[in-house]
Amino acid sequence: METSWRFFLLSREAEGMTSAHDAVQVAIHSQPFSATDQLDRWLQRAGSAAAATAVFMGHVRPETMDGAPLEALELSHYPGLCERLLLSFTQQQLSDHGVQSALVLHRVGRLSPGDLIVLVAVSGDRRGPVQRCCSDLLELLKHEAPFWKREWSGGVGTWLGANTPL
Amino acid sequence: METSWRFFLLSREAEGMTSAHDAVQVAIHSQPFSATDQLDRWLQRAGSAAAATAVFMGHVRPETMDGAPLEALELSHYPGLCERLLLSFTQQQLSDHGVQSALVLHRVGRLSPGDLIVLVAVSGDRRGPVQRCCSDLLELLKHEAPFWKREWSGGVGTWLGANTPL
Amino acid sequence: MGETRLSAACTVQVLLFASLRDRAGWSSRPFTLSAHTLCTPQAIWQLLDLGAWPGGVRVAVNQSFVAADHPLNDGDELAFLPPFTGG
Amino acid sequence: MGETRLSAACTVQVLLFASLRDRAGWSSRPFTLSAHTLCTPQAIWQLLDLGAWPGGVRVAVNQSFVAADHPLNDGDELAFLPPFTGG
């Protein structure tokens, strides 16, 4: 329980972490949030909407990797490092793909089947770059950011050893 | 004006066109609509959210293809054929990519800079297929569906001869 | 089949869209080919007085895409479609 | 430089995450290497009693990724990170 508390407190501090210019918004949420509410707020803040916006949302599956019914998905992260990496990946990706703005939100804590895990949105002038940037950012979140998932089923928790294949 | 009316009336009839199973929702809107409201409704209707959802939104640019300030973007379509093609493309794409459900919404009529033109959302079990399906559907909408754009600038309307490059 | 078509007059409803509609000044009109002309989209196009067959234009008959030499039936809906620019 | 390190004791705060945390039964603890051992993440790992160096584990020192033989300084934060499974 102590460990969990430490995570939650640090996560709350990190919520709403935003880079110097508003083009990048990155946050780790320890409580459920609505993808469409967040998306709406971010699109409004951008003022006049960019021509192209690509979005990805990941939700908790109802089954474990082994096909058993999932009770909960526990998500932990390395506070501090994780937020900084997310911000750095996102800024680098915007620059690499030549796109204007991005929103990256990720849940930690105990999630139920159907809950939102991750939201990535990228806006810019051309549909190709925003789609590729959104997809590349998602792969970085999956493979290069210190997040860990534990599946709970039948009262037993199992840490995942690897992500689902692309 | 007569022509415009005919388009609007037929468009209204077509709104909310849905295939036999709810997995595919396709509509042509003659009035502005909110991407996030529509997305929210579609995600709720799907009941338990699929693990992966990819979305694309296209908004009207503030400038013409030639870089002049844009007053309005006029979008017309071939009513009947257009809706049927959208439905058919979408069903085929879901099947080709092995994904579960899709939402395809497209505006017609007179649009202002920043207005939403198109919304494509695809849900399924794996992030790769939903992203590819969303992207492929968008290209079909751009190149294989009978929609036409006319840019209005300085009181002069110019039909576009081709789409923006990918 | 070709002979059957040659022996009867053919009236089709022609629809134009976007730039073609503006060039012609109308959106929907009936056109009739005499009994001695093979009834195809190409033949109808000649009646429209819109110049040479334009590159990139697609043809739909009764809301299905067809080739420019597709044989038409009396009463068909024939649409000429400039290059698409949706999405 | 190596000699400097050998001449002083090195205490680092070790953080474990996810499966490593469960295996060890703790999340954060100080560990000290004597003045006669080169202070690296690999050397600290030996003190943790968690078996051989596990494949796929990454190392961060003061919240930056480093190699397993990165020289540590007294007071560093050293984290062992199992393979990431976010997103």
Side-chain angles (χ1 to χ4, degrees), chain B residues 1-7 10 28 56-60 65 73-86 88-89 104-108 111 116-120 134-151 156-164 166, chain C residues 10-31 39-45 47-87:
Chain B
M1 277 322 280
E2 203 192 322
T3 306
S4 293
W5 270 107
R6 181 169 173 248
F7 270 73
L10 284 165
I28 293 175
F56 182 86
M57 299 173 204
H59 290 88
V60 179
M65 294 283 245
L73 184 70
E74 183 186 338
L75 259 152
S76 64
H77 75 310
Y78 185 173
L81 175 59
C82 192
E83 289 84 347
R84 272 205 302 285
L85 282 174
L86 260 49
S88 144
F89 291 155
V104 175
L105 305 177
H106 203 293
R107 263 298 302 278
V108 292
L111 285 73
L116 185 69
I117 306 172
V118 62
L119 172 68
V120 179
C134 184
S135 173
D136 287 356
L137 261 174
L138 182 63
E139 295 312 304
L140 286 169
L141 287 178
K142 292 209 163 253
H143 303 295
E144 303 297 329
F147 287 109
W148 299 277
K149 289 196 186 103
R150 175 154 55 173
E151 294 180 335
V156 177
T158 308
W159 291 102
L160 296 186
N163 257 310
T164 53
L166 180 64
Chain C
C10 161
T11 298
V12 298
Q13 190 70 19
V14 175
L15 304 186
L16 298 182
F17 290 92
S19 55
L20 289 177
R21 178 179 295 186
D22 284 4
R23 272 168 62 193
W26 50 266
S27 59
S28 177
R29 262 201 193 176
F31 282 83
C39 195
T40 65
Q42 277 170 327
I44 297 283
W45 179 264
L47 305 181
L48 305 187
D49 201 23
L50 290 171
W53 182 268
V57 162
R58 288 193 238 192
V59 179
V61 170
N62 301 328
Q63 306 216 344
S64 290
F65 295 124
V66 299
D69 60 355
H70 179 85
L72 294 167
N73 292 313
D74 193 57
D76 279 350
E77 175 180 291
L78 167 62
F80 293 104
L81 313 170
F84 305 153
T85 54

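A note on names: the letters A, B, ... follow the listed sequences, proteins ahead of strands, and every chain is numbered from 1.
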First locate atom OH of B:Tyr78, then atom CZ of C:Arg58, and finally report the distance between them rounded to the nearest 0.5 Å. 13.5 Å

Report the residues that fulfil ring pair (Phe, Tyr, Trp, His ring centres under 6.0 Å) with C:Phe31, sequence neighbours left out, ordered by chain and then residue number. C:Trp26

So for C:Ala18, is it side chain, backbone, both, or neither that comes closer than 4.5 Å to the heavy atoms of chain B? both

Could you state the interatomic distance from CZ (C:Arg21) to CH2 (B:Trp159), rounded to the nearest 0.5 Å? 7.5 Å

Close side-chain approach of B:Leu85 to C:Phe65, heavy-atom, < 4.5 Å: yes

Which residue pairs pass the side chain to side chain donor-acceptor pair (under 3.5 Å) test with at least one member in residues 60-70 of chain C, sequence neighbours excluded? B:Arg84-C:Gln63, C:Asn62-C:Asp76, C:Gln63-C:Glu77

Side chain to side chain contact (heavy atoms under 4.5 Å, CB included) partners for B:Leu140, two or more places apart: B:Phe89, B:Gln93, B:Glu144

Where does B:His106 contact chain C at under 4.5 Å (heavy atoms): side chain, backbone, both or neither? side chain

Which region of B:Leu160, side chain (C-beta onward) or backbone (N, CA, C, O), has a non-hydrogen atom less than 4.5 Å from a non-hydrogen atom of chain C, or is it both or neither? both

Within residues 79-87 of chain C, which residues come under 4.5 Å of chain B, heavy atom to heavy atom? C:Ala79, C:Leu81, C:Pro82, C:Pro83, C:Phe84, C:Thr85, C:Gly86, C:Gly87

